[in-house]
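Given the structure is predicted, the values throughout are model-derived calculations rather than measurements.
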Amino acid sequence: SGPSSLPQRNLIRSFELGLPSGQDVAWAMGVTPLNDDEIMIGKAVDEPDTGDVRGTIASIPDLSVFQGNCPLWTYILAEAARFQEPVKIPVQEDMTITTPRLGPVGGRIVAEVFLGMMYGDNDSMLNLEPHWQPGLGPDYQLKDFVKYALGS
């Protein structure tokens with residue numbers, strides 16, 4: 001029952017659960033939230049087609065209820081679209097794409113979920129080796145940790 005559109009279902013669910021807005025979460029984290037005119041609605045792609053981006057949350061009359069009160073999941077997507085970075089693709093030819101990257105709010109939520117899971121797991125590296133540090137120095141990335149965990 002209810003709408004078949006996942007975004008519509010998410011909006012209804014977040015409203016019924018009383019989830020805070022993206023701006024409220026940003027303020028609670030001590031991060032200056034995006035302005036309404038920075039929250040783009042649509043696909044975050046390198047070269048958007050006309051139909052890929054509808055505009056900002058402030059420019060779409062149907063969404064005026066969300067001005068200053070953007071649903072958290074929409075806010076995280078809009079934040080990621082603003083933090084795009086070029087990424088080399090590991091293929092035969094030299095290829096780089098621009099891809100969205102989690103911003104301060106989305107990145108912190110994901111990081112805190114991972115940390116919570118690791119602290120809650122008695123067999124995790126954080127519990128078994130709390131003073132372990134990567135041997136590769138400050139440029140150590142998640143992919144390096146995965147390689148380490150797989151014994152590569």
S.K.: Of all residues at least two apart in sequence or in a different chain, which pass the side-chain contact (heavy atoms from CB on, under 4.5 Å) check with Glu129?
M.R.: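 For Glu129 the side-chain contact (heavy atoms from CB on, under 4.5 Å) partners, ignoring immediate neighbours, are Met125, Trp132.
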S.K.: In Å and rounded to the nearest 0.5 Å, what is the CG to CG distance from Asp24 to Leu19?
M.R.: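 Those atoms lie 11.0 Å apart.
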S.K.: Got a second to check how far Leu126's CG is from Met117's CE, nearest 0.5 Å?
M.R.: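 Separation between the atoms: 12.0 Å.
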S.K.: Measure across Asn127 and Met118 and return the closest heavy-atom pair with its distance rounded to 0.1 Å.
M.R.: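 Where Asn127 meets Met118 most closely, the heavy atoms are ND2-O, 3.3 Å.
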S.K.: Identify the two heavy atoms, one from Thr56 and one from Met40, that lie closest to each other, and give their separation to 0.1 Å.
M.R.: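 Smallest interatomic distance, heavy atoms only, reads CG2-SD, 3.4 Å.
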S.K.: Between CZ of Phe15 and CG of Asn69, what distance do you get to the nearest 0.5 Å?
M.R.: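 CG of Asn69 is found 10.0 Å from CZ of Phe15.
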S.K.: For Asp37, what residues pass the side-chain contact (heavy atoms from CB on, under 4.5 Å) criterion, not counting sequence neighbours?
M.R.: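 Testing Asp37 for side-chain contact (heavy atoms from CB on, under 4.5 Å), a comparison that skips the adjacent residues, returns Asn35.
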S.K.: Within the structure provided, determine whether Val31 and Arg108 are in side-chain contact (heavy-atom separation under 4.5 Å).
M.R.: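 Val31 does not reach Arg108 side chain to side chain.
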S.K.: Using modelled atom types only, decide if a donor and an acceptor are shared between the side chain of Asp36 and the backbone of Gly68 within a distance under 3.5 Å.
M.R.: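 Here the side-chain-to-backbone pair exists.
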S.K.: Under 3.5 Å, side-chain donor or acceptor atoms of residues 73-83 against the rest of the protein: list the pairs with distances, not counting sequence neighbours.
M.R.:
unit_1 : atom_1 : unit_2 : atom_2 : d
Tyr75  : OH     : Leu34  : N      : 2.9
Glu79  : OE1    : Val105 : N      : 3.1
Glu79  : OE1    : Gly106 : N      : 3.0
Glu79  : OE2    : Val105 : N      : 3.1
Arg82  : NH2    : Glu38  : OE2    : 3.4

S.K.: Nearest 0.5 Å please: distance from the CD1 atom of Ile109 over to the CZ atom of Phe114.
M.R.: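 If we round to the nearest 0.5 Å, Ile109:CD1 and Phe114:CZ are 13.5 Å apart.
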S.K.: Backbone N or O of Thr98 within a donor-acceptor pair of the Gln84 side chain at under 3.5 Å?
M.R.: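 No; zero donor-acceptor contacts below 3.5 Å.
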S.K.: Taking a hydrophobic cluster as the set of Ile, Leu, Val, Met, Phe, Trp and Tyr residues connected by side-chain heavy atoms closer than 4.5 Å, whether directly or through intermediates, do Leu102 and Met29 fall within one such cluster?
M.R.: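 Yes, one cluster joins them.
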S.K.: Measuring from atom CD1 of Ile39 to atom OG of Ser59, what distance do you get when rounded to the nearest 0.5 angstrom?
M.R.: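 So the gap between those two atoms works out to 11.0 Å.
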S.K.: Just checking Tyr140: does its OH atom have more than 12 heavy atoms from other residues, nucleotides or ligands closer to it than 6.0 angstrom?
M.R.: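 Atom OH in Tyr140 is crowded, with more than 12 foreign heavy atoms closer than 6.0 Å.
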S.K.: Under a single-linkage definition using a 4.5 Å side-chain heavy-atom cutoff for Ile, Leu, Val, Met, Phe, Trp and Tyr, are Leu17 and Ile12 assigned to the same hydrophobic cluster?
M.R.: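 Unlinked, Leu17 and Ile12 end up in two clusters.
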S.K.: Looking at side-chain heavy atoms only, is the closest gap between Trp27 and Pro33 below 4.5 Å?
M.R.: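 Yes, close enough: below the 4.5 Å cut-off.
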S.K.: What is the distance from atom CD1 of Ile97 to atom CD of Glu85, rounded to the nearest 0.5 Å?
M.R.: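 One finds 10.5 Å between CD1 of Ile97 and CD of Glu85.
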